[in-house]
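Structure record follows, encoded as structure tokens.
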Protein chains: 2
Amino acid sequence: MPTLEDVSKRAGVSTATASKVLSNTPYFTDETRQKVMQAVKELGYIPNLAARALSTGKTHIIAVVFPYVYEAIFTDPNVMHILAGIETECTSRGYNILLSTPNLSANEVDHHYLQLIQSGYLDGILAIDAYPEASALEPAQAKGIPSVAIGYGTTDHYVRHNDRAGGRAIGEHLLALGHTQIGIIDVPEVMNYGVQERLIGLRTACVEANIDFEALPIRHGDWSTASGAKCAAELLTTHPDLTALLCMNDRMAMGAIQQTREMGRDIPGDLSITGYDDIPTAAFLVPPLTTVSQRAPEQGQVAARMLFDILDGGKPDPVELPPQLMVRQSSGPATWPLNTM
Amino acid sequence: MPTLEDVSKRAGVSTATASKVLSNTPYFTDETRQKVMQAVKELGYIPNLAARALSTGKTHIIAVVFPYVYEAIFTDPNVMHILAGIETECTSRGYNILLSTPNLSANEVDHHYLQLIQSGYLDGILAIDAYPEASALEPAQAKGIPSVAIGYGTTDHYVRHNDRAGGRAIGEHLLALGHTQIGIIDVPEVMNYGVQERLIGLRTACVEANIDFEALPIRHGDWSTASGAKCAAELLTTHPDLTALLCMNDRMAMGAIQQTREMGRDIPGDLSITGYDDIPTAAFLVPPLTTVSQRAPEQGQVAARMLFDILDGGKPDPVELPPQLMVRQSSGPATWPLNTM
DNA sequence: ATTTTATAGTTAAGCGGTTAACTATATACT
DNA sequence: AGTATATAGTTAACCGCTTAACTATAAAAT
């Protein structure tokens, strides 16, 4: 691997000149520039990033951190879409992405992760923080490393989906269609902070429509399709008068759809079903699923931009992305009195 | 940020001693070790990785490369599972993962990617190579950077799913159930090399069972659920005598299942449907989908181990992971003569 | 008593860039 | 003519860590 010294020797200049020419510093004759460039080309010179990093203190690496708070995070469509958004932005800026998956679930903090953060290897950090309590960014902030949280972190800088508005939007949608008997399929409180926010938004929508939110039947799944089917079965059996099922993610909604059809009820004729997330499959289900998009790729992009802004010395304000209601065919007007079996 | 020099001063030793103590070099008194460790702890010293990298030539970073050969690669469950497998192995060895998504689709090679490869920032490369023609590893190999391909690359070192055996296995499964009229839903040749291999395996199974493979009706989808439904509709309309649909991925199989039910036919009573990949949802579909697992996490893990073996000076042999047939309820005995609508 | 060997530590030379500080010349300004 | 300024390039220190080569002492071997 040729070094800057090789280049400078071949070009007949000092390493300082070679270095400066390569970084487009002014005050060099075209001739000198040509000589250096020529040498670079002939030798196939590529700067050594470790040396540059040591010298400048900048690595052009940013870490994307997603804590192992739950299994299968690598296949969570939301998380991966966020990652895709980050990737787009970073690549276009010439930054590299380093993946880190610290184990925050244990009592002790992940040692390897702490080392990495303080190693000077990272120009900045983007963390997917699901809860304020288990923030991956606290140690980073303590060390003054520029960082942006995606979700419910405790940093000054964050971008998140407005779950409260999302819950309210989907609620208002169903209420506007005349639904008053709505069954809810969510997940246990500990599994997601955003879901709690959505429930608050949903309650607001109910209050404004004079519906008793507390009276709505609710079941806790675990995000999986299977649990959605199970919860739907329970809800429809114990509350045959329900005209809608509101699910906190699309996969559980898929399960609910299957289960509902299994029980011989038409969607949306007899029952409306809504999801959350707008996963790619949602639009292709039969019937296509009414859901809420969290605009995950945008979250990633916005977070990355925010981080670059900080690196440039800016002080960007937090961003709350409004939800995007995707009305499709799985929700329709409430039919009342219900045409039960 | 405290440096080694700070540590050595505080401990009253030379930086060499401090450095060696930290790397467990022999020939030091316990007293000296204690002094150094004490200083490290008091100062909260963390080695600067850029400096270490410059000095040792090792960064402990390996790049995971997935070319942008098709859209939505970040949500391809197989790719993400491979990534998860890699992550597990790398984390346990104290290596960091740098994500790279070069654009190989254009005529020119990705410049940023080439720079990265030759920058000395990478100890090794793991690439997901879908085709021998568009290998992300060629430039890396040219520079002598340790690299392992996952899929159909051109490197000495690779790990791949045995698609041929997989195609054969799923074929033999259907044939053993008595199916002879099998409709195939695959994707255009250019979209995936592995699929071509599966078809070869399938043909072998047919030949051995005295079935004319060439006569089997086939439709090309695009991996999506919607395309699966469309192809299924076409096949079942033009060939009402089909008793099975063999799909080249699970998502198309999902579409096929929906479409088939829409058309009033029972699965597996009237028609067997199989997928490929064994995505997480596959087991929870109604009916649960018979499919083939590519064992993606294992591919990732094996590839990572292989790379570490190379880094340790080894010369590991390529690995072909045998397919894992997941027989579930979407496939059953062929019923003949067919009970058509 | 002298040479080996093992133990315990230090000095200083890299690794490959960047950049502040400096030198040197040509041009422009009083 | 003398000073300021713009232009063009060099020297050498520095970033923080590793490690080969060296010094120095004590214990073991000859």
Side-chain angles (χ1 to χ4, degrees), chain A residues 1-40 43-61 94 115-123 143, chain B residues 1-40 43-61 94 115-123 143:
Chain A
M1 287 279 107
T3 70
L4 237 206
E5 200 181 340
D6 299 333
V7 170
S8 61
K9 272 184 185 147
R10 178 174 259 261
V13 298
S14 70
T15 62
T17 300
S19 174
K20 286 178 181 169
V21 163
L22 287 180
S23 57
N24 276 318
T25 305
Y27 303 146
F28 284 107
T29 56
D30 278 357
E31 197 201 330
T32 306
R33 284 181 205 282
Q34 289 305 322
K35 280 193 297 186
V36 173
M37 289 319 212
Q38 180 70 18
V40 164
L43 295 172
Y45 168 76
I46 303 275
N48 179 306
L49 290 185
R52 181 175 279 177
L54 178 57
S55 182
T56 62
K58 305 247 152 281
T59 58
H60 274 217
I61 293 182
Q115 292 247 127
L116 183 66
I117 280 185
Q118 302 175 46
S119 66
Y121 233 29
L122 269 25
D123 282 358
K143 293 287 163 184
Chain B
M1 288 279 108
T3 70
L4 236 207
E5 200 180 340
D6 299 332
V7 170
S8 61
K9 274 185 184 147
R10 181 173 258 262
V13 299
S14 70
T15 62
T17 301
S19 174
K20 287 179 182 167
V21 164
L22 288 180
S23 57
N24 277 320
T25 305
Y27 304 145
F28 284 105
T29 58
D30 278 356
E31 196 201 331
T32 305
R33 286 180 204 281
Q34 289 305 318
K35 280 192 297 185
V36 172
M37 289 319 212
Q38 180 71 18
V40 164
L43 294 172
Y45 168 77
I46 304 275
N48 179 305
L49 290 185
R52 181 175 281 176
L54 179 57
S55 182
T56 62
K58 305 245 152 284
T59 58
H60 273 217
I61 293 183
Q115 293 247 126
L116 182 66
I117 281 184
Q118 302 176 49
S119 66
Y121 233 29
L122 269 25
D123 282 358
K143 294 286 163 183

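Just so it is clear, the values below take in all heavy atoms, side chains as well, and ignore hydrogens, waters and symmetry mates. Chain naming here is simple, since letters A, B, ... match the order of the sequence lines and numbering starts at 1 in each.
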Does Thr25(A) have any side-chain hydrogen bond (donor to acceptor under 3.5 Å, both in side chains) partners at least two apart in sequence or in another chain, and if so, which?
Ser23(A)
For the pair Ser19(A) (side chain) and Ala16(A) (backbone), establish whether a donor and an acceptor sit closer than 3.5 Å, ignoring hydrogens and angles.
no
Starting at OH of Tyr45(A), measure out to OG1 of Thr3(A) and round the result to the nearest 0.5 Å.
7.0 Å
Roughly how far, to the nearest 0.5 Å, is the CE atom of Met1(A) from the CG atom of Leu43(A)?
11.0 Å
Note: contacts of residues 27-39 of chain B with DNA chain D (heavy atom, under 4.0 Å) are none
Please report the closest heavy-atom contact between Gln118(B) and Ile46(A), naming both atoms and the distance.
OE1-CG1, 3.6 Å
Partners of Ser8(A) by side chain to side chain contact (heavy atoms under 4.5 Å, CB included), sequence neighbours excluded?
Glu5(A), Val13(A), Thr15(A), Ala18(A)
Roughly how far, to the nearest 0.5 Å, is CG of Asn48(B) from CG of Leu4(B)?
10.0 Å
Thr59(B) side, atom OG1; Asp123(B) side, atom CG - distance, nearest 0.5 Å
3.5 Å
Straight-line distance of Tyr121(A) OH to Arg52(B) CZ, nearest 0.5 Å
10.0 Å
For DNA chain C, which nucleotides open and close the run of contacts to chain A, 5' to 3', at under 4.0 angstrom from a non-hydrogen atom?
dG16(C) to dA21(C)
List the atom of Asp6(A), the atom of Pro2(A), and the distance in Å for their closest heavy-atom pair.
OD2-CA, 3.3 Å
Within the sub-3.5 Å range, which N or O atoms of nucleotides 13-16 of chain D have a protein N or O partner, and how far apart are they?
unit_1  : atom_1 : unit_2   : atom_2 : d
dG16(D) : N2     : Ala51(B) : O      : 3.4

With five pairs defining each end axis, the helix from dA1(C)-dT30(D) to dT30(C)-dA1(D) comes out bent, to 10°, by 50°
Rounding to an integer number of Å, can you tell me how far Glu5(A) CD sits from dA12(D) C1'?
13 Å
Using a 4.5 Å cut-off on heavy atoms from C-beta on, say whether the side chain of Val7(B) contacts that of Leu22(B).
no
What is the distance from atom NZ of Lys143(A) to atom OG of Ser119(A), rounded to the nearest 0.5 Å?
12.0 Å
